[in-house]
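Sequence positions, counted from 1, serve as the residue numbers for this chain. Both counts, for ligands and for their atoms, begin at 1 and track the order of listing.
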Amino acid sequence: MLNEKMEKAFLEQINKELFSEYLYLSMKAYFADLNLQGFVNWMDVQVQEEHAHAMGMFDYVIERGGKIVLEAIDKPENNWKSPLEVFRAILKHEQFVTSSINSVADVAEETRDRAASIFLNWYIKEQVEEEANVGGILAQLELIGEDKNGLFALDKELATRTFVAPVIG
Ligand code: OFO
């Protein structure tokens, strides 16, 4: 059975993962508007990953005998000045999610819930990957600057990303 404090921390994190999905969906629409199909594809994979992150926790709360109560999802931004600005926003958001997951892991430790700690390790490692991945693209966009050819080359590269359903936990 999940401790009440632990359950609350999981429910809040599920909301943040669903917000992430929503935010990336909004960014996908932004890139669709620009007709940058590789970026659209990259964001689409990101959307699916966030959905999987939310559902991993959703299923875990149920498995542990907790009760799911869903809250409203905030309205995401929908206006950015450039792909560079979008990726700056993604990195900032992922850093926020990393610190939020660390706080959930702190609750697992405080409540001496070892099973939840082990489960959360997957998310902690995933955040390292997410930040590195986004940071890499952001660095490329900074180098590209105003160079349209560079942007199209990156768009081609991002078109190759595929979604692989994660095995969480
Ligand atoms: Fe769920 O990792 Fe991004 O937010």
Looking only at distances, please establish whether an N/O atom of ligand 1 is found under 3.5 Å from an N/O atom of Q46.
no
Query raised in the report: Side chains of T111 and K5: donor-acceptor distance under 3.5 Å anywhere?
Result: no
With heavy atoms and a 4.0 Å threshold, my read on which part of E94 contacts ligand 1 is side chain
CD of Q13 to CE of M57, rounded to nearest 0.5 Å, is 4.5 Å
Among N, O or S atoms, H53 approaches atom 1 (Fe) of ligand 1 most closely through ND1
- Would E50 count as a contact for atom 3 (Fe) of ligand 1, in the sense that one of its N, O or S atoms lies under 2.8 Å from it? yes
Test side chain to side chain donor-acceptor pair (under 3.5 Å), reference S100, set Q95, Q127, K16, E12, output is K16
Atoms of ligand 1 under 4.0 Å from any heavy atom of V97, numbered from 1 in the order shown, are 4 (O)
A student checking ligand 1 against E130 at a 4.0 Å heavy-atom cut-off should list atoms 2 (O), 3 (Fe)
At under 4.0 Å between heavy atoms, what of Q127 touches ligand 1? The answer is side chain
Test item: side-chain donor near acceptor, S20 and H93, under 3.5 Å: yes
**Prompt:** Any N/O/S atom, backbone or side chain, of E17 lying under 2.8 Å from atom 3 (Fe) of ligand 1?
**Reply:** no
Which of E21, H51, E130 passes side chain to side chain donor-acceptor pair (under 3.5 Å) with Q46? It is E130
Indicate whether the side chain of D44 and that of Q48 have a donor and an acceptor atom separated by less than 3.5 Å. yes
Note: ligand 1 atoms sitting under 4.0 Å from heavy atoms of S20 are 4 (O)
Problem - Aromatic plane relationship, F31 with F87 - under 30° parallel, 30 to 60° tilted, over 60° perpendicular - result: tilted
